[in-house]
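Following: one structure in structure tokens, then a few remarks.
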Amino acid sequence: MTTDGKTPERSEDGPSNFVRELIAADIEGGKHGGRVQTRFPPEPNGYLHIGHAKAICVDFGMAQEFGGQCNLRFDDTNPVAEDTEFVEAIQRDIAWLGFEWAGEPRFASDYFERMYECAQHLIREGLAYVDSQSLEAIREGRGNFYKPGVESPHRERSVEENLDLFARMRAGEFEEGAHVLRAKIDMQHANLNMRDPLLYRILKQHHHRTGDAWCIYPMYDYAHPLGDAIEDITHSLCSLEFQDHRPLYDWVVANCPVDTHPEQTEFGRLNLGYTIVSKRKLRQLVEEKHVDGWDDPRMPTLSALRRRGVPPESIVRFCERIGVSKRDGVVDVTLFEHAIRDRLNEVAPRYMGVLRPLKLVIENYPEDGEDVFHAPLHPEDESYGRRDIPFCRELYIDREDFREEAPRKWFRLAPGKEVRLRYACLVTCTEVIKDEAGEVVELRCTWDPASKGGKAPDGRKVKGTLHWVSARHAKPAQVRLYDRLFRVENPLDVEEGKTFLDHVNPDSLAVLADARVEPALVEVEAGRTVQLERTGYFCVDRDTTEGQLVLNRTITLRDSWAKLEKKLKGGAPMVKGQKKGKNKKKKNKGEQAGGAPDKA
RNA sequence: UGGGGCGUCGGCAAGUGGUAAAGCCAUCGGUUUUUGGUACCGACAUGCGUAGGUUCGAAUCCUACCGCCCCAGCCA
């Protein structure tokens, strides 16, 4: 739990969708005996990311909603890149999201023997054969979109010969690539997947679970439907690109000796603006050190989001809100950001912290004086309790909260202006002290002793409220300001000769070494996310040590002043045409403005 | 020159023939506020890729066209 351990209410407020309706109809019609059994089938060759989160929410969510269960099955049919490191990380991430799989995790490799037997059955039925052509010959023979395939010269081998060859493949008598097992379907089929697809290939690789017991491994198209059938899955939900594989899925289930016939249904993957969800590219970011590991808080992996301080409930809620459909669109990243703020606003305790300290001295406050103010840890939930905030003559405020020349509508501090120090008192800036370089280094103020607590004694309006820390009591902290990893909404959209790496945001991480936070914050344990009032949400990083607090910025608070100032400066009101003049058709599909990334 | 999908507001997405298209995000305006946060109120598609057709009536049915995505791994 990154937040506070409070019950994560799981809302069922997702919109209606076609998968939900299909399952409901199946139950209604008594299909699969009215059962609902789903599965989430990750390949253990990488870390789970936000895109997987959607699949997880759909797979587990549908089962949950209809009183069924969801299995966790590792699709470990290709030993080359798979590893137990990933199977552990995947389990951790799913559990973190708050889902429970039925029984123990399963592995496709658990069924290798059974799958082998099914293959023998197919051979005996004359539905599979050993092909001994080269990889190139097989590819050539498959034809293409426009050219029908041609049958392999080995297609009519006898059952005996096939059985013998297949057994010897298993026994390790042949080198990789020497033979494969193919389904005998139809080389003329318009769907390339049906042109005698490969069922098994020889791979003399060590498998993370079966070790060296096997040197032939089943292909996805063969192993997946069998795994589903063996586990008695009723609804096999997957992504759009498998639509073309469904006929093969059905062929396998129909022709192998299994009792059930699960149904595969495809839905659209999640694509998120300013984000990449491709295992290969994420791996590249890690391996080429553009980020600091799989859980670098800028990554879209679940482990990175966790480290960044994103609550799991916000991810689940986000997935519910984006819905499930067959369109492949790109979800606006602001929707995800909203879900994060929404949840954090509910559960993050409040503290004050100054990111870029500017000294403020209260001249009419006694040199050795001290006050302690009691402030609520949550403005809307008293059960969070309160914390003590020490106050003295010398404080720090954020440099951002002071301007020598106040722009229009500036509520914050400026020479001669009065503001409220949150929970404390009202102060007026009387003098600005600069160094030789002309840089403001200190502010002199006077306070109104009658305003203790922050209320104006005479009811005068003080619009600006600033956060602050006591210079004497504050604790030092290193703050890591994270921003979007990519500068553009679609990092995959690149010009000739460039790659998505050229879109990496050079300002996606800024480290502030000299931040100060109120003392109560050092009690917060690593992994928890808090709000620094008026600034944003921050997660206590695991790098925190006894003397050094490390905070990761999860996300900023919405900043309507920044927006206002931009508008004030910009002068030209740009958003005019949209108002009334119905600008005929929408034309520029490709380019959207997207939200401005927040500053670092 | 194939096969499989998809086209409803800037983004996601309801809607499944009934009489002028939910919701959320974004955007804009306002109220409350000791977070310029939160909350709350309001605005935001005479329009459903285009063109025809069927019908008393169509985003929903039919036809044609246009556009976008996926498929030619011994990856999943």
Side-chain angles (χ1 to χ4, degrees), chain A residues 13-17 21 41-43 45 75 77-78 80-81 131 134-135 138-139 142-149 176-177 179-180 182 189-195 198 200-203 217 219-221 223-224 238 240-247 266 268 273 279 321-339 341-342 345-346 350 352 375 379-380 409-412 420-424 426 453-456 462-467 489 531-536 557-565 575 578-579 582 585-586 588-589 592-595:
Chain A
D13 62 355
S16 158
N17 68 58
E21 284 177 16
E43 182 185 12
N45 67 348
D75 233 325
T77 57
N78 183 356
V80 179
D131 195 353
S134 68
L135 193 158
I138 288 177
R139 181 180 299 148
R142 184 155 39 221
N144 57 39
F145 301 153
Y146 318 113
K147 197 173 83 195
E176 288 188 10
H179 306 278
V180 293
R182 289 234 251 172
H189 205 111
N191 182 342
L192 265 36
N193 293 126
M194 298 297 271
R195 319 242 262 227
L198 272 59
Y200 273 90
R201 77 285 211 189
I202 297 171
L203 246 30
Y217 291 91
M219 301 287 289
Y220 167 87
D221 281 322
H224 202 83
C238 64
L240 256 23
E241 68 269 29
F242 291 104
Q243 287 175 125
D244 287 345
H245 297 244
R246 193 173 19 171
E266 312 84 10
K279 266 192 212 171
R321 286 188 198 169
I322 58 176
V324 180
S325 78
K326 290 181 101 93
R327 301 182 209 175
D328 42 13
V330 180
V331 175
D332 198 320
V333 73
T334 60
L335 185 52
F336 184 41
E337 293 173 342
H338 175 265
R341 289 195 181 97
D342 199 37
N345 177 53
E346 294 171 355
R350 270 64 165 175
M352 290 197 288
E380 276 114 40
K409 304 228 175 142
W410 177 257
F411 302 154
R412 283 116 99 147
R420 173 170 29 248
L421 294 179
R422 190 157 164 82
Y423 306 123
L426 266 22
K455 278 212 169 49
V462 177
K463 288 213 76 164
T465 299
L466 309 187
H467 57 278
E489 179 159 39
Q531 182 190 109
L532 291 186
E533 301 202 55
R534 301 209 315 129
T535 303
L557 249 29
R558 286 187 70 205
D559 188 351
S560 59
W561 161 249
K563 221 183 266 181
L564 211 205
E565 182 173 40
V575 204
Q578 278 171 290
K579 279 251 140 142
K582 8 199 68 346
K585 302 291 117 129
K586 38 162 187 199
N588 311 323
K589 262 258 165 112
Q592 301 96 333

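By convention in this document, chain letters (A, B, ...) are assigned in the order of the sequence lines, proteins followed by strands, and residues within each chain are numbered from 1. Because only heavy atoms are used, hydrogens play no part in the values below, and waters and symmetry mates are left out as well, while side chains stay in.
- Backbone-only engagement by A:Met219 is indicated by non-hydrogen atom pairs under 4.0 Å involving sugar-phosphate atoms exclusively.
- In this structure B:A13 sits in no base pair that meets the Watson-Crick or G-U test at under 3.5 Å.
- Here A:Glu43 lies in heavy-atom contact (under 4.0 Å) with sugar-phosphate atoms only.
- No engagement by A:Arg195 is indicated, since no non-hydrogen atom pair under 4.0 Å with the nucleic acid exists.
- Base pairing of B:C6: its partner is B:G67, meeting the Watson-Crick or G-U wobble criterion (both donor-acceptor distances under 3.5 Å).
- Counting all heavy atoms, side chain and backbone alike, A:Ala223 lies closest to A:Thr77 at CB-CG2, 3.7 Å.
- In this structure, A:Asn17 reaches the sugar-phosphate backbone alone: every heavy-atom distance under 4.0 Å involves primed, P, OP1 or OP2 atoms, never a base.
- Residue contacts shown for A:Gly329 are limited to sugar-phosphate atoms, with no base heavy atom under 4.0 Å away.
- Remark: B:C40 base-pairs with B:G30; criterion is Watson-Crick or G-U wobble with both hydrogen-bond distances under 3.5 Å.
- Inter-residue side-chain proximity for A:Ile138 and A:Leu198 is flagged as met; some heavy-atom pair is nearer than 4.5 Å.
- Nucleic acid contact for A:Leu564: base, since at least one base atom lies under 4.0 Å from a heavy atom of the residue.
- In terms of heavy-atom proximity, A:Gly143 sits nearest to A:Arg195 at C-NH2, 3.8 Å.
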Nucleotides 65-72 of chain B: protein proximity per nucleotide (B base, S sugar-phosphate only, - neither; heavy atom, under 4.0 Å):
----SBBB

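- Of all the heavy atoms in A:Asp131 and A:Arg182, the pair that sits closest is OD2-NH2, 3.1 Å.
- Interface remark: the A:Arg420 side chain does not form any donor-acceptor pair with the B:U35 base, using a distance-only criterion of under 3.5 Å.
- When heavy atoms are screened at a 4.0 angstrom cut-off, A:Pro379 is found touching base atoms of the nucleic acid.
- Counting non-hydrogen atoms under 4.0 angstrom, A:Glu565 reaches nothing in the nucleic acid.
- For A:Thr465, the side-chain contact (heavy atoms from CB on, under 4.5 Å) test picks out A:Arg420, A:Arg422, with sequence neighbours left out.
- In this structure B:C61 sits in a base pair with B:G53, meeting the Watson-Crick or G-U test at under 3.5 Å.
- Residue contacts for A:Lys279: at a heavy-atom cut-off of 4.0 Å it reaches no nucleic acid atom on any strand shown.
- Contacts of A:Thr77 with the nucleic acid, taken as non-hydrogen atoms under 4.0 Å apart, involve only primed sugar atoms and P, OP1 or OP2.
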What pairs of nitrogen or oxygen atoms, one from the protein and one from nucleotides 38-40 of chain B, lie under 3.5 Å apart?
{"from": "B:U38", "atom 1": "O2'", "to": "A:Asn345", "atom 2": "ND2", "distance (Å)": "3.0"}

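- Across all strands shown, A:Gln531 has heavy atoms under 4.0 Å from base atoms, whether or not it also approaches the sugar-phosphate.
- Pairing each heavy atom of A:Asn45 with each of A:Lys279, the nearest pair is OD1-NZ, 2.6 Å.
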